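Since the model is a prediction, treat every value here as computed from it, not as a measurement.
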Amino acid sequence: MLFFENDYSEGAHPRVLQSLLETNLTPQPGYGEDGFTAAAREKIRAACQCPQADVYFIAGGTQANMTVIRAYLHPTEGVVAADTGHIACHEAGAVESTGHKVLTVPGHEGKMDAGDLENLLKAFYADPNHAHMVWPGMAYISHPTEYGTLYTAEELTGLSQVCAAYKIPLYVDGARLGYGLMSRGTDVTLPVLSAVCDCFTVGGTKVGALCGEALVFPKGAPRRFFTQVKQGGALLAKGRLLGAQFDALFTEDLYFEISRHADAMAEKMKRGIAALGYPLYLDSPTNQQFLVLTEGQLQRIGRRVRFSYWERLNETSSVVRFAVSWATTEEQVDALLQVLKEEKEAE
């Protein structure tokens with residue numbers, strides 16, 4: 001069985017595991033006050049060219065999203081996201097469970113448009129009954145999006161300007177951030193994100209770590225954020241486990257190196273899929289590729305390959321996702337393309 005179901009099927013990069021092994025017996029303070037976490041924090045600040053940033057480490061993406069959103073919002077407020085955004089459709093109502101509604105605008109290949117965000121905010125304040133409604137208190141996007149698509153620096157700046165005009169924070173979920181930063185042709189970098197966002201995550205779980213996300217607050221974290229992390233059950237006593245992993249990922253550009261490799265494997269896979277005549281649902285420049293399969297193809301290929309079902313397209317076809325990761329090899333991509341070729345030949 002070939003595995004292209006997600007980008008966290010494997011454990012961790014060997015250099016990350018080696019870091020955990022080498023630091024294993026060194027006694028350290030708890031709760032992220034250890035030296036390994038301090039080193040990782042400084043390396044991330046340097047990569048972001050943002051020495052004043054607050055940096056926190058949290059075990060998982062859902063915990064990070066819940067904690068950040070709850071920390072920013074007043075009890076009367078909700079968070080604005082694209083209707084295809086991760087918090088709106090793939091987190092089982094985690095944000096709503098904290099008492100904050102997810103307010104949606106249309107997604108455009110996964111992305112939020114600054115004009116749509118501004119229209120929602122204008123309409124809210126123009127409504128004479130808005131005091132009886134959920135107040136839009138922040139904006140959430142992901143980069144890459146749920147469809148592997150990317151924002152440009154100009155698009156991010158546009159969203160940032162709308163948020164600034166209405167005095168709400170812009171939060172970028174970067175669970176797969178490495179694959180976005182290393183995509184060919186992108187003009188979004190860590191310093192760009194630091195300039196336009198109030199908070200963003202540098203994902204580790206999907207980019208070479210066993211687990212963990214780094215939360216970066218370029219302008220400073222919300223009040224008493226550490227305590228809110230603990231109150232929400234997202235604080236590890238052995239914070240060193242996250243710090244040591246991110247210290248390794250941000251040593252000698254490992255994070256960027258392995259992300260670039262994954263994007264190269266995705267590009268190879270995309271070219272092969274197109275050459276075989278399978279229709280791509282959209283043009284994703286990152287590690288997630290979406291193609292359209294008939295119901296018969298889906299069933300037959302699914303006996304040999306693990307992939308993610310994404311959505312129903314019409315009565316005869318569905319959209320599925322093939323994801324590569326930092327650990328994907330050329331041999332694995334070739335094997336996948338061979339399966340797809342044999343399916344075409346058998347039709």
Side-chain angles (χ1 to χ4, degrees), residues 2-19 40 43-50 61 110 142-153 155-156 172-194 197 200-214 216 245-274 280 282-290 321-337:
L2 296 171
F3 281 80
F4 288 86
E5 187 174 13
N6 54 52
D7 38 21
Y8 43 92
S9 294
E10 295 84 8
H13 191 277
R15 281 162 59 182
V16 171
L17 295 177
Q18 186 63 28
S19 176
K43 289 176 181 177
I44 290 175
R45 285 171 175 154
C48 294
Q49 298 177 20
C50 192
S142 60
H143 183 84
T145 70
E146 290 294 274
Y147 288 89
T149 52
L150 296 175
Y151 290 88
T152 64
E155 288 171 330
L156 290 175
V172 177
D173 178 350
R176 296 183 170 93
L177 185 59
Y179 305 132
L181 296 175
M182 292 296 100
S183 177
R184 289 191 301 172
T186 185
D187 60 354
V188 174
T189 63
L190 286 175
V192 166
L193 287 169
S194 299
C197 303
F200 62 93
T201 55
V202 179
T205 303
K206 298 178 173 70
V207 194
L210 282 173
C211 61
E213 316 293 301
V216 181
Q245 292 184 77
F246 275 91
D247 188 29
L249 287 172
F250 278 82
T251 297
E252 298 178 350
D253 289 335
L254 178 62
Y255 190 77
F256 307 105
E257 173 191 322
I258 63 179
S259 298
R260 187 181 297 111
H261 166 79
D263 284 346
M265 294 301 97
E267 187 65 27
K268 175 183 173 72
M269 180 173 67
K270 179 165 66 173
R271 288 195 306 267
I273 288 170
L280 291 166
L282 48 70
D283 184 19
S284 166
T286 57
N287 73 310
Q288 303 177 86
Q289 297 299 318
F290 299 83
R321 183 190 71 175
F322 289 76
V324 301
S325 77
W326 58 273
T328 303
T329 65
E330 289 205 41
E331 291 76 15
Q332 289 169 332
V333 174
D334 287 338
L336 169 64
L337 295 176

Within the distance-only criterion (no hydrogens, no angle test), does the side chain of [X] pair as donor or acceptor with the backbone N or O of [Y] below 3.5 angstrom?
X    : Y    : value
T201 : G174 : yes
H143 : Y151 : yes
T152 : E155 : yes
Y255 : V207 : no
Q289 : R321 : no
N287 : V324 : yes

Is R184 salt-bridged to D263, going by a charged N under 4.0 Å from an acidic O?
no

Do R15 and E252 sit within salt-bridge range, that is, some charged N less than 4.0 Å from a carboxylate O?
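Looking at E252 together with R15, the answer is yes, because their closest N to O distance falls below 4.0 Å.
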
Could you state the interatomic distance from [atom1] ([X]) to [atom2] ([Y]), rounded to the nearest 0.5 Å?
X    : Y    : atom1 : atom2 : value
L190 : C48  : CG    : SG    : 4.5 Å
Y179 : L150 : OH    : CG    : 13.5 Å
Q332 : T329 : CD    : OG1   : 3.5 Å
L280 : F290 : CG    : CZ    : 11.0 Å

Name all residues meeting the salt bridge (Lys or Arg N to Asp or Glu O under 4.0 Å) criterion together with K270; count only those two or more places apart in sequence or in a different chain, and write none if there are none.
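Residues passing salt bridge (Lys or Arg N to Asp or Glu O under 4.0 Å) with K270: E267, D283.
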
Run the salt bridge (Lys or Arg N to Asp or Glu O under 4.0 Å) test against D253 and tell me which residues pass, sequence neighbours left out.
none

Measuring centre to centre across the rings, with the benzene-like ring taken for any Trp, is H13 within less than 6.0 Å of W326?
yes

Do V202 and F250 make a side-chain contact, defined as non-hydrogen atoms from C-beta onward lying under 4.5 Å apart?
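The answer is yes; the side chains approach within 4.5 Å.
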
Within the structure provided, determine whether L181 and F256 are in side-chain contact (heavy-atom separation under 4.5 Å).
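The answer is yes; the side chains approach within 4.5 Å.
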
Under a 3.5 Å threshold, yes or no: a donor from one side chain and an acceptor from the other, between E10 and S325?
yes

Side chains of T205 and E213 only: does a donor on one sit below 3.5 Å from an acceptor on the other?
yes

